[in-house]
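Here's the structure we're looking at; comments come further down.
What you see is a predicted model; the values in this text were computed from it and never measured. FYI, side chains are in, hydrogens and waters are out, and symmetry mates aren't considered; it's all heavy atoms of this structure.
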Amino acid sequence: QVQLVESGGGLVQAGGSLRLSCVASGRTFSDSLMGWFRQAPGKEREFVASIGRSFATSSYGHSVNGRFTISRDNAKNTVYLQMNKLTPEDTAVYYCAYRNTYTTWYGEGGYWGQGAQVTVSS
């Protein structure tokens, strides 16, 4: 199985920036995708961004496109989420996710981190 450890969450003022990181360990697979989801209180989990081993496969959710940037360091099995121009609407628990290229995020081949709280004050 894959273990995911997230870091970088915290409290930031509106307009500020944060960078989340997530390190994958354990029995990782080479044909993997990594991504970020978020869930605000009382709302469903929302797709934020994902990236494959090839950077050309990166994608973003509509609400964060243009403000957030996902990147990946394959040598370190680490994915990052650079978040800029944060607003209170970005406040949520952010989850790191990991899967192979043949499954869905919520399927049997998906793995999830514990979540990192991001709070944006107005």
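- When the side-chain hydrogen bond (donor to acceptor under 3.5 Å, both in side chains) test is applied to Ser25, no partner is found at least two apart in sequence or on another chain.
- Legend: residues meeting ring-ring contact (aromatic ring centres under 6.0 Å, His included) with Tyr98, ordered by chain and number and at least two apart, are Phe29.
- Residue pairs that meet the salt bridge (charged side-chain N to carboxylate O under 4.0 Å, His left out) test with at least one member in residues 74-89, sequence neighbours left out, do not exist here.
- For the atom pair Tyr80 OH and Ile51 CD1, the distance stands at 11.5 Å (nearest 0.5 Å).
- What you find for Thr78 and Ser21 is that their closest heavy atoms are CG2-CB, 4.5 Å.
- Leu18 contributes atom CG, which lies 8.5 Å from atom CD of Gln82 (distance to the nearest 0.5 angstrom).
- Listed by first and then second residue, the salt bridge (charged side-chain N to carboxylate O under 4.0 Å, His left out) pairs that reach into residues 107-118 come to none, sequence neighbours excluded.
- Here Glu44 pairs with nothing under the side chain to side chain contact (heavy atoms under 4.5 Å, CB included) rule; sequence neighbours left out.
- Heavy atoms only, all atoms of each residue included: Glu6 and Tyr94 are closest at OE2-O, 3.6 Å.
- Its side chain outside the 4.5 Å cluster rule for every partner, Leu11 clusters with none of the Ile, Leu, Val, Met, Phe, Trp and Tyr residues.
- Hydrophobic clustering (ILVMFWY, side-chain heavy atoms < 4.5 Å, transitive): Val12 and Leu81 are in one cluster.
- For Ser122 against Ala14, the heavy-atom pair with the smallest separation is CA-CB, 4.3 Å.
- In this structure, the ring-ring contact (aromatic ring centres under 6.0 Å, His included) partners of Phe47, at least two apart in sequence or on a different chain, are Phe37.
- Met83 and Tyr95 fall into different hydrophobic clusters, where Ile, Leu, Val, Met, Phe, Trp and Tyr residues are linked whenever their side-chain heavy atoms come under 4.5 Å apart, directly or through other members.
- In this structure, CH2 in Trp105 is found 8.0 Å from CE in Met34, a value given to the nearest 0.5 Å.
- In this view, Thr101 and Asp31, Leu33 satisfy the side chain to side chain contact (heavy atoms under 4.5 Å, CB included) rule, not counting sequence neighbours.
- Minimum interatomic distance between Val93 and Gln117 (heavy atoms only, all atoms of both residues): CG2-OE1, 3.3 Å.
- Minimum interatomic distance between Val79 and Cys96 (heavy atoms only, all atoms of both residues): CG1-SG, 3.9 Å.
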Please tabulate, for side-chain N and O atoms in residues 59-66, each donor-acceptor pair with protein atoms closer than 3.5 Å (sequence neighbours left out).
| from | atom 1 | to | atom 2 | distance (Å) |
| --- | --- | --- | --- | --- |
| Ser59 | OG | Ser50 | OG | 3.0 |
| Tyr60 | OH | Ile70 | N | 2.9 |
| Ser63 | OG | Arg38 | NH2 | 3.2 |
| Ser63 | OG | Glu46 | OE2 | 2.8 |

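- Summarising the geometry of Ala24 relative to Leu4, their closest heavy-atom pair is CB-CD2, 3.6 Å, with the distance given to 0.1 Å.
- When the side-chain hydrogen bond (donor to acceptor under 3.5 Å, both in side chains) test is applied to Arg67, the partners found at least two apart in sequence or on another chain are Asp90.
- Scored by the side-chain hydrogen bond (donor to acceptor under 3.5 Å, both in side chains) test, Thr91 finds no partners at all (sequence neighbours excluded).
- Going from atom CH2 of Trp36 over to atom CG of Leu20 covers 4.5 Å, rounded to the nearest 0.5 Å.
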